[in-house]
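Just below is one structure, and these are the notes that go with it.
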Amino acid sequence: MSNNTTKPINLQTGWPSARLCASAAILDGAQQVLTSEVEAGPAMLYGPRIGHTPLRKSLATWLSTFYAQSMAGNPTTKDRIAISNGASGNLANILQKFADPLYTRAIFLAEPTYFLACPIMEDNGFRGKLRGVPEGGPEHGGLDLGFLRQRLQETEAKAVRTAADSSRADAPVLKTGPSYPKVFKYIIYVVPTFANPSGKTMAERTRRELVRIAREFDALVISDDVYDYLRWPADPTGDGHDGTTMASPPLPPPPSRLVDIDRGMDGYDEKWGNTLSNGSFSKIIGPGVRVGWADCAPGLAFELGEVGSSSSGGGPAHLSSTFVDKMLRSGALDTHIQTVLIPTYRRRYHIMMGCIAQLLVPLGVKVDSSISEKEAGIALGGGFFLYLRLPDDVPHARTVASVALREHGLRIAFGHLFVVAGDEGSTARAEGPGGIARCFRLCWAWHEEEELREGVHRLADTLASIRERIARGEAIRDEALGVR
Ligand SMILES: Cc1ncc(COP(=O)(O)O)c(C=O)c1O
């Protein structure tokens, strides 16, 4: 039993502990840039709209090294890279440039979804046009493509009928003219590797089929590839659950990004493609750095630099881009990932899994994700999150989260948060049998090891107290909880 409930513990927040951010390496990069007579001036002025050229080059090299296997001798290049101010800002820019809320029929999101993507989409005119696609069971490999295909067919048939009935062209309405040379009929949003929130990694076969579907329906797949670089063996053998021994077998290559599958498959649209990798340094340097990138077909990359805000303001993360470029070139980023982030997260992951096995599994809780990439021959842990499922005899995770916060000072992210905003079907599925309303997400990135242990203890206490109340026939209060 845990007695220390005075200090709040937040296993919801998906932020890295501040001490894990690469502050020293950023300072070093800043020093190099700002003390250079040649570089300091341009760094302090407006930057190129598509992004700082040296970073576009160093990033292309860095990505081509990390994803060498799936790029199969065809490295990505500077002309495919547009710098962003992070994956969130880039999502907004992509929708501004390549989607028309009166023509683009719908945005499909993997469900459970990264819920903070929904308001970005709604801000861009898509309120009421967001649709969930269940990740599905193991047989679906991370996304139920049968479901997606059927919804695409229905939506498309309806759009074509509506246009014909009103005798107007089935064409963009708001995004017309030379500023909008490519508008997609559909957007599909996924986090295929160590997903937020489910922690799942999409199978290679599912990735390939998703690219085929995107081509068939004139869809752009936006793939948030933000957790790919944080990966370690899921098997605690040799680590112990206390994570003391960190010997590691060689890991399999990272899964292919959708963008590389698209590029490597016959029939690739060389100018626009149907996929965009939405990358970010938030999880590997620190979210405050506000630098990310798109890796996509050159037409898309160029046009991303042409959004109105970049025409006026230049590249959206110019000064910090110059610092990040130095980190990539010196190898400081790789060193930080390998020597600080992975060992720390790996240890925290095993500690959490150990506590869960000891305290929550006996209460009927199941780990729903965590073991990923089995198809690659070795099970991996990675990213930031564990996703768990409550047994059927306790209330929805939202109620459990409310009791945990009110009575045990513990915040967890509950299934209702991950429903696709405005999609009634998504809510109904969440609350139906096997739905995500019984799931919750725990993050190991924010708190230190002792707090993670304490957090799992508090969760076990919460569940035990809920069970006792149920046995006594008491009602359990379910308060609305905030999102952050
Ligand atoms: C899937 C996913 N996309 C995007 C973001 C936000 O990225 P950024 O800080 O680059 O805007 C997060 C952060 O939690 C995330 O989990």
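In this text, all values refer to a predicted model and were calculated from it rather than measured experimentally. As the structure lists them, so they are numbered: ligands from 1, and atoms in each ligand from 1.
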Donor-acceptor contacts under 3.5 Å from residues 286-310 side chains, at least two apart:
{"unit_1": "Arg290", "atom_1": "NE", "unit_2": "Asn85", "atom_2": "O", "d": "3.2"}
{"unit_1": "Arg290", "atom_1": "NH1", "unit_2": "Pro287", "atom_2": "O", "d": "3.0"}
{"unit_1": "Arg290", "atom_1": "NH2", "unit_2": "Asn85", "atom_2": "O", "d": "3.1"}
{"unit_1": "Asp295", "atom_1": "OD1", "unit_2": "Thr76", "atom_2": "OG1", "d": "3.0"}
{"unit_1": "Asp295", "atom_1": "OD1", "unit_2": "Arg80", "atom_2": "NE", "d": "3.3"}
{"unit_1": "Asp295", "atom_1": "OD2", "unit_2": "Thr76", "atom_2": "OG1", "d": "3.1"}
{"unit_1": "Asp295", "atom_1": "OD2", "unit_2": "Arg257", "atom_2": "NH1", "d": "3.2"}
{"unit_1": "Asp295", "atom_1": "OD2", "unit_2": "Arg257", "atom_2": "NH2", "d": "2.8"}
{"unit_1": "Glu306", "atom_1": "OE1", "unit_2": "Arg49", "atom_2": "NH1", "d": "3.0"}

Using atom types as modelled, flag every donor-acceptor pair under 3.5 Å from a side chain in residues 124-139 to any protein atom, sequence neighbours excluded.
{"unit_1": "Asn124", "atom_1": "ND2", "unit_2": "Ile120", "atom_2": "O", "d": "2.8"}
{"unit_1": "Lys129", "atom_1": "NZ", "unit_2": "Pro101", "atom_2": "O", "d": "2.6"}
{"unit_1": "Lys129", "atom_1": "NZ", "unit_2": "Thr104", "atom_2": "O", "d": "2.7"}
{"unit_1": "Arg131", "atom_1": "NH1", "unit_2": "Gly128", "atom_2": "O", "d": "3.2"}
{"unit_1": "Arg131", "atom_1": "NH2", "unit_2": "Gly128", "atom_2": "O", "d": "3.2"}
{"unit_1": "Glu135", "atom_1": "OE1", "unit_2": "Ser198", "atom_2": "OG", "d": "3.0"}
{"unit_1": "Glu135", "atom_1": "OE2", "unit_2": "Ser198", "atom_2": "OG", "d": "2.9"}

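- When heavy-atom distances to ligand 1 are checked against 4.0 Å, the residues falling inside are Gly86, Ala87, Ser88, Tyr114, Tyr189, Val191, Asn196, Asp224, Val226, Tyr227, Ser280, Ser282, Lys283, Arg290, ordered by chain and number.
- In this view, His396 and His416 satisfy the ring-ring contact (aromatic ring centres under 6.0 Å, His included) rule, not counting sequence neighbours.
- A cation-pi contact links Lys97 to Tyr180, judged by a cut-off of 6.0 Å to the six-membered ring centre and 45° from its axis.
- Remark: Arg389 fails to qualify as a cation-pi partner of Tyr387 under the 6.0 Å distance and 45° angle criteria applied to the six-membered ring.
- With a 6.0 Å cutoff to the six-membered ring centre and a 45° limit on the axis angle, Arg347 does not count as a cation-pi contact of Tyr349.
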